[in-house]
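As the structure lists them, so they are numbered: ligands from 1, and atoms in each ligand from 1.
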Amino acid sequence: VVETPLRLARTREELAEALGSLRAEGRALALVPTMGSLHSGHLSLVELAGGLADRVAVSVFVNPLQFGPGEDLSRYPRSLEADVERARDRGAWLVFAPPEEEMYPGGPPVVRVVPGALGERLCGARRPGHFQGVLTVVARLFGLFRPEVAVFGRKDFQQAVLVRRMVRDLEMGVRIAVGPLVREADGLAMSSRNAYLNPEERRMAPDLFRALQAADEAFRGGERRGAALAAIVRERVEGHPIFRLQYAEAVDPDTLDPVGEAKVGDVLAVAAFVGGTRLIDNVVLGSAQADPTGP
Ligand code: PAF
């Protein structure tokens with residue numbers, strides 16, 4: 001990535017102007033879509049993007065379409081100034097942070113992207129409309145930016161699967177890269193929502209990852225039954241003082257179907273509430289990703 005001052009675009013016009021000069025220079029663009037409140041997980045995606053294109057753009061938009069009634073849209077953390085600094089430090093060329101009326105000038109879009117069966121599993125089964133909102137805004141961002149490549153994090157595993165599938169099914173012509181899940185030193189998966197946890201919840205929250213690790217260890221020890229691996233996670237989470245389990249499943253990473261016989265590369269995914277905070281996490285079975293000190 002070439003050293004240039006970071007541009008902040010708040011409007012579609014400012015974005016179009018910046019993209020015009022980029023295209024005139026014949027440079028390839030990588031987009032990292034985010035909802036802001038950037039942490040080291042996001043920043044690792046910015047770095048990854050820097051290796052895949054000439055310039056990196058980060059979008060910061062808390063997308064109302066993907067929040068259900070009673071979810072945390074109004075309290076979702078917002079920190080644009082710090083986000084701009086952090087993105088700049090990791091070599092981003094542009095941050096696009098539109099207000100809602102710039103993102104959806106005619107009001108909420110009437111035509112939306114339907115995620116289909118893949119969107120009805122796991123998180124999709126518990127958050128109706130969520131992935132329709134995600135895919136619709138991602139499609140819109142692809143239309144606005146026309147990036148060569150877009151980078152998503154493995155923490156939101158189902159989202160990454162759905163975006164890949166959307167690009168394939170709708171011939172969107174964007175390469176999708178998925179960056180690693182980044183953890184705090186104690187193993188908790190990084191998430192903007194971790195800011196909601198009180199000190200006691202924060203102290204115990206890494207137990208969600210420990211439950212996944214216990215199942216991964218069983219897998220490494222020879223347990224291959226998907227249902228048994230999921231049960232290890234379920235029991236630990238259900239028996240825990242702070243968690244309310246939503247789901248624990250061992251799934252195929254492409255189809256998201258629960259696996260009967262698990263193999264290396266299948267994904268063990270979990271979602272649980274801690275008070276009013278919903279946490280998700282996953283491990284790739286048999287991979288170094290299960291190690292908090294790993295990539
Ligand atoms: O992963 C997120 O932060 C969001 O779901 C995304 C992809 C930016 C769409 O709003």
Side-chain angles (χ1 to χ4, degrees), residues 9 15 29-46 48-49 56-68 71-80 82-84 86-87 90 92 94-100 102-104 108-109 112-115 118-119 122-124 126-145 147 149-167 170 172 174-182 189-196 269 271 277-282:
L15 175 65
L29 179 67
L31 172 65
V32 183
T34 80
M35 298 208 299
S37 189
L38 301 183
H39 51 64
S40 301
H42 296 115
L43 298 175
S44 77
L45 303 181
V46 175
L48 175 65
V56 177
V58 177
S59 63
V60 172
F61 179 64
V62 181
N63 174 34
L65 292 189
Q66 68 190 73
F67 289 80
E71 288 190 348
D72 56 341
L73 173 62
S74 58
R75 66 174 184 140
Y76 196 85
R78 289 158 169 90
S79 57
L80 183 59
D83 290 346
V84 168
R86 290 178 188 139
R90 300 299 174 106
L94 175 135
V95 169
F96 178 51
E100 194 178 333
E102 279 292 326
M103 193 64 199
Y104 299 127
R112 302 190 185 194
V113 180
V114 177
L118 286 180
L122 305 174
C123 291
R126 280 88 189 170
R127 302 184 69 191
H130 169 67
F131 287 117
Q132 183 189 101
V134 168
L135 294 184
T136 301
V137 80
V138 170
R140 197 164 174 89
L141 288 167
F142 288 175
L144 286 169
F145 281 88
V149 51
V151 182
F152 294 83
R154 208 203 75 225
K155 156 89 182 340
D156 295 303
F157 151 70
Q158 186 174 13
Q159 167 173 285
V161 170
L162 276 161
V163 169
R164 264 194 210 286
R165 191 60 197 244
M166 170 177 77
V167 165
L170 303 182
M172 287 179 152
V174 182
R175 180 177 156 209
I176 303 300
V178 178
L181 192 161
V182 180
M190 286 195 186
S191 164
S192 306
R193 291 190 166 99
N194 293 347
Y196 300 148
T277 305
R278 187 172 181 277
L279 300 179
I280 58 173
D281 200 349
N282 66 80

>> Within ligand 1, which atoms have a heavy atom of D156 less than 4.0 Å away?
In response: 1 (O)
> At a 4.0 Å threshold, what atoms of ligand 1 neighbour a non-hydrogen atom of V137?
Replying inline: 9 (C), 10 (O)
>> List ligand 1 atoms under 4.0 Å from P33, heavy atoms only on the residue side.
In response: 8 (C)
> Hey, does the side chain of T136 reach the backbone of G133 with a donor-acceptor pair shorter than 3.5 angstrom?
Replying inline: no
> G36 and V60: which non-hydrogen atoms are nearest, and at how many Å?
Replying inline: CA-CG1, 3.6 Å
> Taking the side chain from R154 and the backbone from N282, do they hold a donor-acceptor pair closer than 3.5 Å?
Replying inline: yes
>> Out of H130, Q66, H42, who is nearest to atom 10 (O) of ligand 1 when you count heavy atoms only?
In response: Q66
> Under 4.5 Å between any side-chain heavy atoms of L94 and L15, yes or no?
Replying inline: yes
> Looking only at protein heavy atoms, which one is nearest to atom 7 (C) of ligand 1, and how far off is it?
Replying inline: Q159 NE2, 3.4 Å
>> Between L144 and M103, is there a side-chain heavy-atom distance shorter than 4.5 Å?
In response: yes
>> Using modelled atom types and a 3.5 Å cut-off, is there a donor and acceptor pairing between side-chain atoms of Q159 and backbone atoms of V134?
In response: no
>> Within the 4.0 Å heavy-atom shell around T34, which atoms of ligand 1 are there?
In response: 8 (C)
> If you measure from each non-hydrogen atom of V163 to ligand 1, which part falls under 4.0 Å: side chain, backbone, both or neither?
Replying inline: neither
